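Quick note: residue numbers are just sequence positions, from 1. All figures in this text were calculated on a predicted structure; none of them were measured in a lab.
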Amino acid sequence: MSEPTVHEQYNSPTANISILSSNNVLFRIHSKNLATMSAAFQVPLDSESSEAARFDESSEVLACLFGFLYTDEAPPNLLDKKVGVIEKVGRAAHKYFVMSAVTVCQLRMVDLAKTTEASTLFHAFAYLVEFHGEDTGFGPTLDTLAFRTLDNTFYDVSKWLSGVTLAAWVLNAQTPMDGTSRSRCIPRQRSHIRLTCWPYATSLRIVTVSVERVGAEVPAADGEENRT
């Protein structure tokens, strides 16, 4: 492997911890800034080691994450980051228990519900369902994200969502703000797929989804019950 590139910002001569990103960028960090989460980071904080700890995250993600560890600086607001980067920072924040970063990523994903770009909406929806789906406070945001993507074909939706996130999308897309049940075609003019969700399916893990192809019989998937 070639010699790592040293990160321009995180290169203090007094730092005693070296961390190498997945794309071979070296960070020099002070152990005192990792002390509150040393168990999560699994970096030896009690000794100075010449060998860098290798992390799975890219340098862009780590630079954002480490910005939350230095309390003498304003934490990153991630306003200039695309949704894919925010998602990766959020995942790393959950992985390493950097709760201030978790909160900022939550807020940014909620804010992205205002956009019109489908890929961004799906990214935000999947992230919030995965990490905060049990929090009822995110219900209105998930409703908004689902409704704003209703003009996509089921094929397009399934490229971004699967499993629990897809079931959650069906549930939120077909449950209007007043809580009543609704069945929609996606989209109305082009889709050959109709999804139906029942109002008594209150859990994302047990939601029953019926997939009907217009003019054709489609067998239910394993463990899935068709209803009319």
- Item | salt_bridge(Arg91, Glu57) N-O dist < 4.0 Å |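 Salt bridge absent between Arg91 and Glu57.
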Quick one: does [X]'s side chain get under 4.5 Å of [Y]'s, heavy atoms only?
{"X": "Thr149", "Y": "Val157", "result": "no"}
{"X": "Ser21", "Y": "Ser58", "result": "no"}
{"X": "Val83", "Y": "Glu117", "result": "no"}
{"X": "Asn152", "Y": "Trp160", "result": "no"}
{"X": "Cys105", "Y": "Phe131", "result": "no"}
{"X": "Leu150", "Y": "Trp169", "result": "yes"}
{"X": "His132", "Y": "Met109", "result": "no"}

How close do [X] and [Y] get, counting heavy atoms only, and between which atoms?
{"X": "Thr141", "Y": "Val110", "value": "OG1-CG1, 3.8 Å"}
{"X": "Val104", "Y": "Pro76", "value": "CG1-O, 3.9 Å"}
{"X": "Leu145", "Y": "Ala113", "value": "CD2-CA, 3.5 Å"}
{"X": "Leu142", "Y": "Leu128", "value": "CD2-CB, 3.9 Å"}
{"X": "Leu69", "Y": "Asn33", "value": "O-ND2, 2.9 Å"}
{"X": "Ser2", "Y": "Asn24", "value": "O-ND2, 3.1 Å"}

Reported [atom1]-to-[atom2] distance for the pair [X] and [Y], which is rounded to 0.5 angstrom:
{"X": "Phe138", "Y": "Thr144", "atom1": "CZ", "atom2": "OG1", "result": "13.0 Å"}
{"X": "Phe27", "Y": "Leu62", "atom1": "CZ", "atom2": "CG", "result": "5.0 Å"}
{"X": "Ile29", "Y": "Leu65", "atom1": "CD1", "atom2": "CG", "result": "9.5 Å"}
{"X": "Lys114", "Y": "Leu112", "atom1": "NZ", "atom2": "CG", "result": "9.5 Å"}
{"X": "Glu87", "Y": "Thr120", "atom1": "CD", "atom2": "OG1", "result": "11.0 Å"}
{"X": "Phe122", "Y": "Thr165", "atom1": "CZ", "atom2": "OG1", "result": "10.0 Å"}

Hey, is the main chain of [Y] close enough, under 3.5 Å, to the side chain of [X] for a donor-acceptor pair?
{"X": "Arg148", "Y": "Thr115", "value": "yes"}
{"X": "Arg108", "Y": "Ile86", "value": "no"}
{"X": "Thr103", "Y": "Met99", "value": "yes"}

- Item | Lys159 atom NZ, over 12 foreign heavy atoms within 6.0 Å |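 More than 12 within 6.0 Å, yes.
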- Centroid-to-centroid, Tyr96 to Phe55, below 6.0 Å? yes
- Check: Tyr70 ring centroid to Phe66 ring centroid under 6.0 Å: no
